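Worksheet for the structure shown next.
Computed from heavy atoms alone, side chains included, the values below leave out hydrogens, waters and symmetry copies. Given the structure is predicted, the values throughout are model-derived calculations rather than measurements. Sequence lines set the chain letters: A, B, ... in the order given, protein chains first and strands last, and positions in each chain run from 1.
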Protein chains: 2
Amino acid sequence: MATTDAPSGETLIMHDRGAADRLPLQSQSAAMALRDQIVGGAFAPGERLTEVRLAARLGISRTPLRSALAELEREGLIERLSTTGFVVARFTAADVADAIELRGVLEGTAARLAAERGIDADGARRLDEVLDRLDAAFGPGPGDLDMDAYAAGNALFHDLVLDLSASPMVRRQVEHARRLPFASPSAFLEGQRDVAAFRRSLVAAQAQHRAIAEAILGREGARAEAVMREHARVARTNLQHVLTRDPSLRRRVPGLALVVA
Amino acid sequence: MATTDAPSGETLIMHDRGAADRLPLQSQSAAMALRDQIVGGAFAPGERLTEVRLAARLGISRTPLRSALAELEREGLIERLSTTGFVVARFTAADVADAIELRGVLEGTAARLAAERGIDADGARRLDEVLDRLDAAFGPGPGDLDMDAYAAGNALFHDLVLDLSASPMVRRQVEHARRLPFASPSAFLEGQRDVAAFRRSLVAAQAQHRAIAEAILGREGARAEAVMREHARVARTNLQHVLTRDPSLRRRVPGLALVVA
DNA sequence: GCCCCTGCCTATGTATACATTTCCTGCGGT
DNA sequence: ACCGCAGGAAATGTATACATAGGCAGGGGC
């Protein structure tokens, strides 16, 4: 049964904020502000970032700014040159595709380990809950979908699989893969909001969710891994569509502003 | 044909120094010193690290020390508590096994992509060179092995596969996975130096190297991935041996000092 | 006797002054 | 006209002083 307190649209789709939550206050807000500006395309890919300029722009001193820059470097949004500061990262379409592929590979490993090692009764219950919650996001009609509810449920599902793998190392690695904004499981949901074909494709995505859960419960490791990998290909398909057919969507998908050529 | 300038034992097995090469001077040496001390077991797992104490210990000010701490956090050797500094990371045997498994999964993905996408003539030549160089590390007798030459060739091989995947994203993920000292492809080589059975097991490992290369050249993606994963299991087997049968080796494998319980 | 509150102490967070390196520019020579 | 060297401006690297918050201990009250 689905949780009855299922919120509908209480939050917009949020991309992973990384581990910045634990940073000091000024550093944290600086990292958030800078991240939003970079992901939003406020800087050109490859543009040099100088500390003094950024510090002035953000109204803080260089010390917390450097923490923020280090965090953003961890996330892959900026790159440090040998000794001369940072530049905004540049990605190709192939990079984005590979990042999604890697997220699929790693989440596939999480699903496989959960299946191979087995999950307890509580884990099975939580899995059912999330799946029901996702089902509840679909309305009676073919195009009926509460996008916010789906996005929330989708994030929960992908995080739950990580939990079920019961491996801090897997979590660490997957979270690193997801840190690139366009590699997040919900990266393309916001851009798809108004595209009917995409909304319908989420019916198939939900079927994959159920197949993954079934495989985990049945301890079918290979199946769990394979379906989870295929599940990530949905994002690659969407990427292809955004880049080749509907470039106007580019600025609605987080991080695509950094894609060049 | 192997390169004739093959060095024999010019360097000890070095674990990946991460991306710290590009850090500022004091920060870099501080990171290196601290890393060596942590990996070497100078601190107890879970021990709190205070900035002033470490700064005094290393003879630098807190500013570059904080850069070093951030780097070590990236590498997973220390963890930051919500607002109160850092503690030395604690790992379980399962964590180490999972880290090796993940390295195998990701290197397997690199091998698969190299196979699927194909490599050029130069890539094939470099592959042959490295394999011949590895062969040359073995002497005529069953136990004959130039361990330093093997370690160097092994590192080259694993790095070459990354190159052949031709994917910066794959490289990024694999390097992150290898950053944990015990997850490096050569982590257990040093500890095995004097164990005859281990030295012989490297004959099988070299056969796997050849199989992986063959699969990449033949564009057999599934085979390349599967063999590379299995290849990583060698390290897991060695881990098992070190932890259960020959604990005296623990302190010779980098990072194992941080394993508790 | 136990719990809570308060105050101090020590830790990290921040700002800024200073050192050092690097890159760019301009001038001179070839 | 082009190459090279030198000088200066501006960047990052470092140290330190100060701000602030959090934790621990001690004392007082219930």
If I take atom [atom1] in residue [X] and atom [atom2] in nucleotide [N], what distance separates them, rounded to the nearest angstrom?
X: Glu51(A); N: dG13(D); atom1: CD; atom2: C1'; answer: 9 Å
X: Leu65(A); N: dT16(C); atom1: CG; atom2: C1'; answer: 15 Å
X: Arg48(B); N: dG23(D); atom1: CZ; atom2: P; answer: 9 Å
X: Leu58(A); N: dT14(C); atom1: CG; atom2: P; answer: 13 Å
X: Leu69(B); N: dT12(C); atom1: CG; atom2: P; answer: 9 Å
X: Gln28(B); N: dT20(C); atom1: CD; atom2: P; answer: 19 Å

Please tell me whether Asn154(B) and Ser186(B) have a donor and an acceptor in their side chains that are separated by less than 3.5 angstrom.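 No pair is found: no donor N or O on one side chain lies under 3.5 Å from an acceptor on the other.
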Look at the side-chain N and O atoms of [X] and state whether any lies under 4.0 Å from the OP1 or OP2 oxygen of [N].
X: Ser67(B); N: dG13(D); result: no
X: Arg66(A); N: dT16(C); result: no
X: Ser27(A); N: dT14(C); result: yes
X: Arg53(A); N: dA10(D); result: no
X: Gln26(B); N: dA15(D); result: yes
X: Arg62(A); N: dT14(C); result: no

(request) Could you please name the option among dA11(D), dT16(C), dT14(D) that lies closest to any side-chain atom of Thr50(A)? (result)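 Out of dA11(D), dT16(C), dT14(D), the nucleotide with an atom closest to Thr50(A)'s side chain is dA11(D).
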Query raised in the report: Of the candidate nucleotides dT12(C), dA15(C), dA15(D), which contains the atom at the shortest distance from the side chain of Ile60(A)?
Result: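 Taking heavy atoms from C-beta onward, the closest nucleotide is dA15(C).
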Determine, stepwise, if the pair Arg178(A) / Glu175(A) fulfils salt bridge (charged side-chain N to carboxylate O under 4.0 Å, His left out).
CA-CA 5 Å; Arg178(A) 286 182 185 168; Glu175(A) 284 181 346; 5.9 Å; no
_In this structure, is the centre-to-centre distance between the rings of Phe91(A) and Phe182(A) below 6.0 Å?_
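Phe182(A) vs Phe91(A): aromatic centres under 6.0 Å.
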Do Thr63(A) side-chain and dA15(C) base share a donor-acceptor contact under 3.5 Å?
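Checked by distance alone, the answer is yes.
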Any side-chain heavy-atom pair from Arg35(A) and Leu77(A) closer than 4.5 angstrom?
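Result yes, sub-4.5 Å side-chain heavy-atom pair found.
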For this session: Could I get the full list of ring pair (Phe, Tyr, Trp, His ring centres under 6.0 Å) partners for His176(B), not counting sequence neighbours?
Result: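 With neighbours one apart ignored, the set is His176(A).
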